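Presented below is the structure to which this report refers.
Below, read A as the first sequence line, B as the second, and so on, with proteins coming before strands; counting in each chain starts at 1. From a predicted model like this one, the values you see are computed outputs, not experimental measurements.
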Amino acid sequence: MSGFTTVTGPAAAMPEENIDTDIIFPARFLLLTSREGLGQHAFHDRRYDADGSEVAGYVLNTEPFRAPPVIVAGANFGSGSSREQAVWALHGLGVRAVIAPALGEIFHNNCLRNGIVPVILPPEQVAEMLASAAAGVAFTVDLEAQTVTVGNAAPVRFDISPERRLALLNGWDETDLVLARFADDIAAFEAGQRKIQPWLYPEETTA
Amino acid sequence: MKPRTLYEKLWDAHVIADLGGGETLLYIDRHIVHEVSSPQSFVAMRTKGRQLRRPETHLAVADHAIPTRQRGTIDDPLAASQIAELEANVREFAVPYAEVNGPEQGIVHVIGPETGFTLPGTTIVCGDSHTTTHGAFGALAFGIGASEQSTVMAAQALRQTRAKTMKVELVGTRHPLVFAKDIALALIARIGANGAVGHAVEYVGPAVSAMAMAERMTLCNMTIEAGSRIGLVAPDETTYAFVKGRRLAPQGEMFAKACEYWDTLRSDPGATYDKVVTLDLSEIAPQVSWGTSPNQTLPVSATLPDPAQIADPGERREAEKALAYMGLTPGTPLLGTPVSHVFIGSCTNGRIEDLRAAAAIALGRKVAPGVKAIVVPGSMATRKAAEFEGLDRILTDAGFEWRFAGCSMCVAMNDDRLSPGDRCASTSNRNFEGRQGPGGRTHLMSPAMAAAAAIAGHIADAREFVA
């Protein structure tokens, strides 16, 4: 995956708590086994009514928020199911950063693995950003500087783990990284654990 | 040494390396694989030319998309191809597999414990948020995404951030028809759907010690609905008795040795938690969710909230939205709300104890006309055990459909799903919008309460069904 630096554009405001991954990506589309092309199903049951026509007035059916690079949401966005399809669908839609007072924990980790920057900020700050987003003010998320800038306001700093930030900036593959850096440590761990909990090594006890 | 909580002991025992910035590389002992979250993980393995580091530490099964009306044929071509893809993947990568038509098929969180794959003291992951369930054995068990699954397959390790700790103490004596499900729902109603975010929850107290494994699993299973990835109960004699003799559990001398180790997996006296919540079970009635988030739950005898009476604007908006989606009138009683469907099953409440509780209510009664009620055992082993006890007869005589094992109407990926406007009394774990089918309305409750709703044709108090 290519690296992330800065994203600028409109932010879709979703002023609602507990927008779960079933809302972001309804379960029936999980039968698709590809991770490509899922953006069309993002927020499907909010965007479309039962006969498939667009729900008028829904933020993602409104210009300029049809493919927003940023989503600003209420607390607990991405809670519920672990489905990474929710993140792939957001990415497919064009989303590169999600701002909320709290995110579902598994969703949060899934974002980091897929080039979407999770931005956790205090509720009051997010409330202000929700209002600015709804008013169409442009957002800039700068991962290098770890800041969100709303229109002409002063940049707001956010926290992210240093290693995760580096991985996102460089588009590194986490598995490659773990294997390259820690293969010996993993083997050493197994050697130690095998002595204390040999029953966890059925491949040896049954062989 | 500083006194440690159970979570801290499990964590410390799996640290491979400190990565700085609050992150740790954690060793992963076990990984459960299902057909829906794993295809892309295997694709990543194949693309990178990687092999599974330790194939024997994985266990695969098809549960989410599998039909429960019959075995042997799968009508939905997408489901059939997804399951075929899982089967091709487990062959290629030599992953142990519980066959679709075999005796061990079932929901990941039911068959892990049943086969002895789930053991105390282990780290267990699965591409499924309800992996919290296995914490009932004193295992550090949590849901992960497909990319993380691929890392576990290749490296047996995952980057994780250590959670804070929360102790949930259950005190007092409960009514015989108040179950772990009611306790979990009451807890979530109290602390909120994000009340435990960032915390590993440990359930303690005499009521927990007295619980069978099934109820401990229900408690831990629902912990994710409070926003936490980890629920825990310390292993004890009840745990060992459950694990002993299971196919994949240590046997003989090795089992005794394992028990000695597992005995150390208890929070030390004096260990401190970041948060403590105490629930008095004598104050908990059977619970029913009324909204679209599990914290929107009330005792069965309560009246629905009236948004006009809610001061907080955010909370008012959430309540208005939920009541509108659910098609409910503010200020009216929950009792008597008509249901069109009843679903008894899922990784939350699809075990033998749950089926017994439902059958006890159904015995000698009939499902109300116009209600479609299905019972979906959590596993084929559970189904067989229930048939041995005659529970299937009790339930089918009452008018329930008796199904094969799978996730079924908890996730609505197979043909078990609600139509818009249908209202379901459900023993599953999520009342999210559309969770049981687009436009479907879900009321979460215990198996006894769901059975009572089936008989009554509306939301009813199970306590009134026993002499």
Tell me, side chain or backbone of [X] under 4.5 Å from chain A's heavy atoms, or both, or neither?
X      : result
B/V15  : backbone
B/A155 : both
B/S81  : neither

Steps toward side chain to side chain donor-acceptor pair (under 3.5 Å) verdict (A/S161, B/E23): CA-CA 8 Å; A/S161 120; B/E23 293 188 314; 3.0 Å; yes

Residue, of B/P39, B/G21, B/P438, that accumulates the most heavy atom pairs under 4.5 Å with chain A: B/P438

State whether a side-chain donor-acceptor pair under 3.5 Å links [X] with [Y].
X      : Y      : value
B/Q82  : A/T33  : no
A/S82  : B/S129 : no
A/E190 : B/Y27  : yes

Part of A/I19 lying under 4.5 Å from any heavy atom of chain B: neither

I'd like to know if [X] pairs up with [Y] as an ion pair, taking the criterion as any Lys NZ or Arg NE/NH1/NH2 lying under 4.0 Å from an Asp or Glu carboxylate oxygen.
X      : Y      : value
B/R317 : A/E16  : no
B/R50  : A/D176 : yes
B/K321 : A/E17  : no

Side chain [X], main chain [Y], donor-acceptor under 3.5 Å:
X      : Y      : result
A/R113 : B/S147 : yes
A/Q197 : B/A258 : no
A/E84  : B/A146 : yes

Chain B-proximal positions within residues 45-61 of chain A [heavy-atom distance under 4.5 Å]: A/D45, A/R46

With A/E128 via side chain to side chain contact (heavy atoms under 4.5 Å, CB included) - residues at least two apart: none

Salt bridge (charged side-chain N to carboxylate O under 4.0 Å, His left out) assessment of A/E163 paired with B/R159: CA-CA 10 Å; A/E163 290 217 353; B/R159 175 189 299 269; 2.9 Å; yes

Parallel, tilted or perpendicular, as decided by the 30° and 60° cut-offs, for the rings of A/W199 and B/W262: perpendicular

